[in-house]
Amino acid sequence: MKALKIIDLTVKINNKEILKDFNLEINSGEIHALMGPNGVGKSTLIRVIMGDNDYEITKGKIYYNNIDITNKSVSERAKMGIFMTFQMPYEIEGVTNADFLRNTVQSKTENFKLYSFIKDLETETQNLKMNKDMIHRGINSGFSGGERKKNEVLQMRLLKPSLVLLDEIDSGLDIDSLKIVSKNIIDYYKENKPTILIVSHYQKIFDYIKPDFVHVMMQGKIVKSKDASLISEIEKEGYQKFEESRTSDIKGQEKNE
Ligand code: ADP
Ligand code: MG
């Protein structure tokens, strides 16, 4: 079954078109990588799938498990099992991590048991090699970039989403933290078989998390899709050649018109 289906999605912010006729399909339980240089619209796509209504959808549809979610709210989508991690996770004072996590897990869980939640929280914190006291601090309050990324993965492991959108989960991580974060994502995948879309610039994370498909995005569109071998092509040759092939495609189209 198609977990995610995006058809001709066109998205604007402040009157600037960021995604244009964007198409993507992901089967249930597959891992897809979305790669591309800065500013091509990767984070925009992730936020729009999650339902951020700062963005205006001027055309197209998003389906999740065959349900049209294009106009659903963030919380409706979260209830359906969609989850995203932020490229730059926010700091929120006044709410502790533990309270935030308990509230969100509780709101999603019938027969919520506080005791087992606390046990899970402890286990998952240890799995991520996070400092215990971080749980009782404000959300991301005083956390380093890498600790924030671990905190995003902690949320994923506790909320148990079925569609996971990871926006540069690897950025700002040292090599040991990258291994820990990747292992926690892979273990979650093995246990729960979610559908995963990972955005990254770099190939390193894909040494740990093997995608079934890789897409290259340029200027609001996917310009190339292939198996994982595309990652080493990108590493060797950069994104330039995709830019060139896109420009020649457009020129070819113009000639034909
Ligand atoms: P990526 O994640 O691929 O680096 P983004 O999706 O963050 O790219 O951004 C795509 C483009 O949209 C960029 O040119 C960025 O400047 C622009 N953009 C994103 N958010 C806004 C906004 N709130 N207002 C205006 N432009 C924006
Ligand atoms: Mg981004």
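Remember, it's 1-based here, ligands and their atoms both numbered in the order they're listed. All heavy atoms count here, side chains included; hydrogens, waters and symmetry mates do not.
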Under 3.5 Å donor-acceptor, [X] side chain and [Y] backbone:
X: Asp227; Y: Ser229; answer: yes
X: Thr109; Y: Phe112; answer: no
X: Lys160; Y: Arg157; answer: yes
X: Thr195; Y: Gly29; answer: yes
X: Tyr188; Y: Pro161; answer: yes
X: Lys179; Y: Asp174; answer: no

Margin query: Given a threshold of 2.8 Å, state how many protein N/O/S atoms are nearer than that to the Mg ion (ligand 2).
Written below: 2
Does ligand 1 have a heavy atom under 4.0 Å from the side chain of [X], from its backbone, from both, or from neither?
X: Lys16; value: side chain
X: Thr44; value: both
X: Val40; value: both

Check: Do Glu233 and Lys226 meet the salt-bridge criterion of a basic N to acidic O distance under 4.0 Å?
Finding: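 Counted as a salt bridge, because a side-chain N and a carboxylate O are separated by less than 4.0 Å.
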Notebook entry, point to check: Is the closest basic N to carboxylate O distance between Asp21 and Lys59 below 4.0 Å?
Noted result: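 Here Asp21 pairs with Lys59 in a salt bridge, since their nearest N and O are under 4.0 Å apart.
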What protein heavy atom sits nearest [atom], and how far off is it?
atom: atom 8 (O) of ligand 1; result: Gly41 N, 3.3 Å
atom: atom 24 (N) of ligand 1; result: Asn14 ND2, 3.0 Å
atom: atom 26 (N) of ligand 1; result: Ile13 CG2, 3.8 Å
atom: atom 7 (O) of ligand 1; result: Ser43 CB, 3.6 Å

Check: Does a donor on one side chain sit under 3.5 Å from an acceptor on the other, for Ser107 and Lys79?
Finding: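 No, Lys79 and Ser107 have no side-chain donor paired with an acceptor closer than 3.5 Å.
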Under 4.0 Å to a heavy atom of [X] - the qualifying atoms of ligand 1, by number:
X: Asn38; result: 4 (O)
X: Ile18; result: 10 (C), 11 (C), 12 (O), 17 (C)
X: Lys42; result: 1 (P), 2 (O), 3 (O), 4 (O), 6 (O), 8 (O)

Note to self: Go through it in stages, so that I can follow the logic: the residues are Lys149 and Glu168, the test is salt bridge (Lys or Arg N to Asp or Glu O under 4.0 Å), and I'd like the CA-CA distance, side-chain angles, deciding distance and then a yes or no.
What the structure shows: CA-CA 9 Å; Lys149 295 300 172 95; Glu168 293 196 25; 5.9 Å; no
Note to self: Considering both backbone and side-chain atoms of Gly39, is one of its nitrogen or oxygen atoms within less than 3.5 Å of a nitrogen or oxygen in ligand 1?
What the structure shows: yes
Notebook entry, point to check: Listed by chain and number, what are the ring-ring contact (aromatic ring centres under 6.0 Å, His included) partners of Phe213, not counting sequence neighbours?
Noted result: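 Testing Phe213 for ring-ring contact (aromatic ring centres under 6.0 Å, His included), a comparison that skips the adjacent residues, returns His32.
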